[in-house]
Amino acid sequence: VQLQASGGGLVQAGGSLRLSCAASGFSFSDYAMGWFRQAPGKERVFVTGITRSGGSSDYADSVQGRFTISRDNAKNTLYLQMNTLKPEDTAVYYCARANYRNSRIVSPRTSQYDYWGQGTLVTVSS
């Protein structure tokens, strides 16, 4: 199993970035996926997740209305569109594969994700 996140960078507040996560080594369409982030000195926290079909998603309150998760099962790729970025969005962003089989839920718990990408750094300047 490999998850390769990309798309991070430096952006001014109010700007946008699109992260991608290329998945390989497993049947991508069989698993829910999530994005988490970890700011310096803080714990890793849930940002958003999506069911395996892409039919349902969930967001942390802090990003609701600004971030959009999506997936292309034909391309084995997960995306995170981030708009109206704020300095507090600065963090390393990780994509992760869920370890549960329920097709209808999105879990915010890090313990329910078993494989993680290497992370991509997003820095938002004020």
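Quantities reported herein were computed from a predicted structural model and do not represent experimental measurements.
By the 4.5 Å heavy-atom criterion applied to side chains, L3 and M33 are counted as neighbours. Between L17 and V122 the shortest side-chain heavy-atom distance falls below 4.5 Å. A 4.5 Å side-chain heavy-atom check between F26 and N76 finds every atom pair outside the cut-off. When side chains are defined from C-beta on, K86 counts as touching R66, because their heavy atoms get closer than 4.5 Å. Put simply, the side chain of Y79 reaches to within 4.5 Å of the side chain of D72, judged on heavy atoms. Here the side chains of T68 and L80 are not in contact, with every heavy-atom distance at 4.5 Å or above. Between M82 and R18 there is no side-chain heavy-atom pair separated by less than 4.5 Å.
Looking at S16 and N83, their side chains do bring a donor and an acceptor atom within 3.5 Å of each other. With no hydrogens or angles considered, no side-chain donor-acceptor pair links N99 and R97 at under 3.5 Å.
The shortest non-hydrogen separation linking G119 to V92 is CA-CG1, 3.7 Å.
Side chain of R52 to main chain of F28: no donor-acceptor pair is present (N/O by atom type, distance under 3.5 Å, no hydrogens or angles). In this structure, N73 contributes its side chain and D30 its backbone to no donor-acceptor pair below 3.5 Å. Put simply, the side chain of T120 gets close to the backbone of G8: a donor and an acceptor are under 3.5 Å apart. In this structure, the side chain of Y100 engages the main chain of S107 through a donor-acceptor pair within 3.5 Å. Of the possible polar contacts, none joining the T51 side chain to the I105 backbone as a donor-acceptor pair under 3.5 Å is found.
The six-membered or imidazole ring of F67 lies away from that of W35, with a centre-to-centre distance of 6.0 Å or more.
Both I50 and V1 are assigned to one and the same hydrophobic cluster, defined by single-linkage of ILVMFWY side chains at heavy-atom distances under 4.5 Å. Both V47 and V11 sit in one connected hydrophobic cluster of ILVMFWY residues. Membership requires side-chain heavy atoms under 4.5 Å apart, directly or through other members. Linking ILVMFWY side-chain heavy atoms closer than 4.5 Å, directly or via other members, places W116 and I69 in two distinct hydrophobic clusters.
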Which is it for F36 and F46 under the ring-ring contact (aromatic ring centres under 6.0 Å, His included) test, yes or no, and what are the steps along the way?
-> CA-CA 4 Å; F36 291 74; F46 175 79; 5.6 Å; yes
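Judged by the 6.0 Å distance and 45° axis criteria, R37 is not positioned over the aromatic ring of Y94.
Annotation for E88: atom CD counts as buried by contact number, over 12 foreign heavy atoms lying within 6.0 Å.
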